[in-house]
Amino acid sequence: MANSKYASTRETTNLARVARIILGPCTDVLCDVLKKEIPPSTLSQKVTTYLANLPKRKQPPITKEQERIIHNGNYSDFDITLLFFLLRNISNISPHAKQWGNEPIPSDRSVSANIERIRLIRNKYGHCPDISISNSDFNNKILEISGIIRDLEKYLGTSTVYNDAVAEITNCGMDPEQESRYIEELLNLDKKIQDVADKADKIENCCVPQNVKEMYEIDISRWKEEDDNDFVETHNFEAMLKQVNQQSHMIFVGVPGSGKTVTVRHIALLLQRKGYDILPIKDIRCIETYCDPKNPQVFVLDDALGIFGLNRTEFDTLKKYEDRIREPIMTSTKFLFTCREVVYRNETLFTSFLSKKENLVYLQSAENALDNEDKYKLLAKYRLKTDILNSEQLAASSNMFPLICKLFSKEKVYEEYGPTLFISPVPCILKDLDKMKIENRHHYAALILMAANDNTLSEEILDNGNTNADENSFHEMKNNFLKKCKVQSNTDTFQFIDALFEMEGTYTKRCCNEFKFIHDSIFEIIAYHFGSKFQELIIQYMSSDYIANKIKIETDNVDGMENESKKSENTAYVDNFYSKTVTTSENVLDLCIHLQESQFPIFVKRLFLDIEMGELYNVFGNEALKHPSVIRSFIKEMQEKSYTEMKLIFLSKTKVISKILEYLYAPKRDDKEEDFLKTHANKLLIKEDPTLEWFMILNEARVIEWVIYYGHHHILNYIVGQCLENGQINDLFQHPYTDKIRKFLFEKQGAYTEMEDDINLGSKDDFENKLDEATDIKMSSSSEIPKSYPTAAENCEKFEEVLNDVLLGIIKVCRFSYGFKVSSTLY
């Protein structure tokens, strides 16, 4: 033993005694403090809650083994590292004057200060390079430890049993083997406790609120489970991952069910292992609030640009954060977006930063599309027979292959379709719904009610209605749908809930106490299956977004509705990208509800209802409103209203403006002229004029300005005509500005040099002459509408002059709206 590292001397014995005191009485007194603060019966739940709320960085602050020890509930098994973590982070002990992690001031004899002193003593001798303590240092340290334990025993209100133990260890005999064991155990604790302190510091400095972290951790926990069950790294996955590592942001594009979401989540989980925090945000604005300048993060936003079609508000908001996304404050931070192919094809995106090749992963491209080996792996992952498809059938299978594997593995009914399901899945699912509608009416009705309630259903909703809608209107909607499903309106709620449970994993999934569709594509298929037969109910009850993007007009192509030649030259890459898409032989259904002309009046009434609800972008940006017959129906609906009603709808301030104002909360971005103009065009629609901020009035909007913004000149003509016929032309100019301000605006535009208090635009004939001269659009009583509907560019040319010379009250909107060259951006 004389040549051993732990050769016994008086000095090594001193260190061994200190180690024994730290591992014995010091640990035991901390254990009693923990018992006083947290009873063993509640500790496990408190720790579970704490860990669930943590943003996971490299790893949790305690190990799985430590978690197991905690859940066993035996405090005597806790080592000093675990006790320190629990006392600092789980108990309600207040930090000392210098805060946790710092040396307390000598006069501070608080509980937390003494816990901190034990930590510092342990750290000091855990790092002791000479594994020895001089006699004088040993005596001083024993006095210090005795004082700490004495204070803690006073706090506990117990006897001096631990101080007595210190005295006994100070004077007891100790053989060389004991010395070595205590010293070794003390040294091994050093790294453990430092790791706990470091991780606790990181947690305290987190930018995300506690309640948000808790929700995120629930999501991420679900991701991990789904990742283990569903995800397969495909042949080109490493190339995708490399692309993500090289860029600050990536957008993953593909058809529904092709694996966009699971791929992005898998990459996020891989980044988490490297120390990234995952933030599964629902709103792009969260990057401003939750961005951490010191720690790497990965923001994940699913369907970033809309589900059924391009959500222009979301797109505009995303553009305003372009600088943050392209050059994040923390250079390592990543932004991962998913987008449906049908949304990404919108030509509005072709010139945006999201169309850059280096930032795009298109899952159906020749490079990324699943090959046969990938598909065999997916079949194996879902425990399906790999010989269910031959090589030709595999090559011809749908781009929805990952989702089909999941459905096929969950529901035996799909086995009867065999390979056909993988090649043409939508018709097979529709056929299954045909059977369900007859044989399992409660199941079918539950799915329809969930679709009608915007992809959410629960026992609470079925009993008490949707919190976003009037209870009576919800039950009216419920009864109408159940009637069409041939289900009694007084059916007990539990029958629908049981049906949703039974379809979990096939059609539905649970999110806390609510059910949702397992995938957006299933939602669309269900809505299409029901809506193709009962269009009226779909028109009446589905969301405004669904109406704007999934309701189509049964018609041949109308001349002038599209003009491919007007696409930007910048679309060349995107077009080439799609040209290399791997196609299959599947039957393509657009899953849109196609209306006949007899249903146009009902459709138009729904549009008017959406106008009342402030859904102005969805109404006037709706492709269906370009159709001549729909325009006729729209104007006919206007004709059935009195002038007072028409004025209230189109010329008065709208009462519902929350949806219109969403983009205002994003930061301004004006580094490009076109974006600057578009941004201010939108702001001017709600009466925000950046050139006249000294009398700016926010949160006011009139529907007529959206009519102009989207170029609906037939509707505008009718409104102007009604104002003329009723001698109320000034109603066009009912702005919230004072007469003095309006006079300033008019003189600023060079329209008038002098002006009376009342604006006088002259006689009806004078007004019509100006209108005809500027636009060559005749104000006749004829309702004939040309088959060829003007393009946005043609509208711009005509309306620029009309609005400059005639509609002076909304001139600001029109100048910014049409003051730059557009193709179909506004139309």
Side-chain angles (χ1 to χ4, degrees), residues 55 207-208 212 216 219 240-254 260-261 263-272 274-307 310-340 343-344 346 348-363 570 573-574 577 662-676 678-679 682 825:
C207 299
V208 182
V212 177
Y216 285 175
D219 288 342
M240 300 181 203
L241 184 60
K242 181 179 179 181
Q243 202 172 349
V244 170
N245 288 327
Q246 292 173 343
Q247 303 296 330
S248 64
H249 65 283
M250 294 295 300
I251 183 164
F252 287 71
V253 177
K260 304 182 299 295
T261 299
T263 300
V264 164
R265 291 176 179 177
H266 182 73
I267 291 173
L269 292 172
L270 293 180
L271 291 173
Q272 186 185 55
K274 296 182 178 180
Y276 282 75
D277 281 338
I278 300 177
L279 283 79
I281 58 176
K282 308 297 183 185
D283 190 331
I284 191 62
R285 300 177 186 90
C286 292
I287 68 172
E288 189 85 345
T289 308
Y290 302 153
C291 188
D292 190 335
K294 296 181 179 179
N295 297 294
Q297 298 168 300
V298 51
F299 290 85
V300 179
L301 182 58
D302 213 14
D303 291 318
L305 300 173
I307 299 175
L310 179 65
N311 185 318
R312 201 168 294 274
T313 301
E314 295 296 332
F315 174 59
D316 288 343
T317 304
L318 201 64
K319 286 196 304 178
K320 296 177 194 303
Y321 283 93
E322 179 179 343
D323 293 339
R324 289 276 194 273
I325 294 170
R326 296 177 67 176
E327 298 179 2
I329 298 174
M330 173 63 187
T331 55
S332 299
T333 289
K334 307 289 184 186
F335 300 90
L336 304 181
F337 308 117
T338 69
C339 182
R340 288 189 177 194
V343 176
Y344 195 78
N346 191 298
T348 304
L349 301 177
F350 290 171
T351 58
S352 76
F353 74 101
L354 297 171
S355 67
K356 304 297 183 184
K357 181 178 180 180
E358 60 270 21
N359 302 111
L360 174 64
V361 171
Y362 182 49
L363 293 184
N570 292 324
Y573 164 69
V574 179
F577 197 88
E662 288 180 356
Y663 60 87
L664 283 181
Y665 299 102
K668 297 178 177 63
R669 174 180 170 269
D670 56 6
D671 56 328
K672 292 182 180 179
E673 181 179 2
E674 182 172 312
D675 288 335
F676 173 82
K678 287 180 182 178
T679 298
N682 281 318
T825 306

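Count residues from 1 along the sequence. Computed from a prediction, not measured in an experiment: that's the story for all the values here.
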(message) Check whether Gln297 reaches the backbone of Tyr290 with its side chain - one donor and one acceptor, N or O, closer than 3.5 Å.
(response) yes

(message) Quick check: do Ser352 and Phe315 have side-chain heavy atoms less than 4.5 Å from each other?
(response) yes

(request) Flag the pair Phe353 / His249 as yes when their ring centroid distance falls below 6.0 Å, and as no otherwise. (result) yes

(message) Any non-hydrogen side-chain atom of Ser355 less than 4.5 Å from a side-chain atom of Leu349?
(response) no

(message) For a 4.5 angstrom cut-off between non-hydrogen side-chain atoms, does Lys356 reach Leu360?
(response) no

(request) Rounded to the nearest 0.5 Å, what's the gap from CD on Glu327 to OG on Ser248? Could you check? (result) 8.0 Å

(request) Any chance you could measure Ile325, atom CD1, to Lys320, atom NZ, to the nearest 0.5 Å? (result) 12.5 Å

(message) A side-chain contact here means heavy atoms from C-beta on lying under 4.5 Å apart; do Asp277 and Val298 qualify?
(response) no

(request) Apply side chain to side chain contact (heavy atoms under 4.5 Å, CB included) to the pair His266 and Leu270, showing each step before the final yes or no. (result) CA-CA 6 Å; His266 182 73; Leu270 293 180; 3.8 Å; yes

(message) Can you give me the closest heavy-atom contact between Pro280 and Tyr216, atom names plus distance?
(response) CD-CG, 3.5 Å

(request) Indicate yes or no: at least one non-hydrogen side-chain atom of Leu279 is less than 4.5 angstrom from one of Val300. (result) no

(message) How close do Val343 and Leu310 get, counting heavy atoms only, and between which atoms?
(response) CG1-CA, 3.8 Å

(request) Look only at the side chain of Lys334 and the backbone of Asn245, and say whether a donor-acceptor pair between them is shorter than 3.5 Å. (result) yes

(message) Could you measure the distance from the CG atom of Leu318 to the CG atom of Leu301? Nearest 0.5 Å is fine.
(response) 7.5 Å

(request) Starting at CD of Glu314, measure out to SG of Cys339 and round the result to the nearest 0.5 Å. (result) 11.5 Å

(message) Could you report the tightest heavy-atom contact between Glu358 and Met250, atom names first, then the distance?
(response) O-SD, 3.4 Å

(message) When you compare the side chain of Pro328 with that of Phe299, does any pair of heavy atoms fall below 4.5 Å?
(response) no

(request) Using atom types as modelled and distance alone, determine if a side-chain donor or acceptor of Tyr344 lies under 3.5 Å from a backbone N or O of Gly254. (result) no

(message) Looking at Phe252, is its backbone amide N or carbonyl O close enough to the side chain of Thr338 to form a donor-acceptor pair, meaning the two atoms are under 3.5 Å apart?
(response) no

(request) Grab the two heavy atoms, one from Ile281 and one from Ile284, that are nearest each other, plus how far apart they are. (result) CD1-CA, 4.1 Å

(request) Check whether any side-chain heavy atom of Gln243 lies under 4.5 Å from a side-chain heavy atom of Val361, and answer yes or no. (result) yes

(message) How long is the straight-line distance from CD1 of Ile251 back to CG of Leu336, given to the nearest 0.5 Å?
(response) 11.0 Å

(request) Kindly say whether Cys286 contributes a backbone atom to a donor-acceptor pair with the side chain of Asp283 at under 3.5 angstrom? (result) no

(request) Kindly say whether Pro296 contributes a backbone atom to a donor-acceptor pair with the side chain of Thr333 at under 3.5 angstrom? (result) no

(request) Could you tell me which non-hydrogen atom of Asp292 sits nearest to which non-hydrogen atom of Met330, and how far apart they are? (result) O-CB, 3.4 Å

(message) Quick one, Lys260 and Val253 - any side-chain contact, counting heavy atoms below 4.5 Å?
(response) no

(request) Please round to the nearest 0.5 Å and tell me the distance separating atom CG of Leu354 and atom CD of Glu322. (result) 8.0 Å

(request) Please determine, by modelled atom types, if Asn359 and Gln247 share a side-chain donor-acceptor pair under 3.5 angstrom. (result) yes

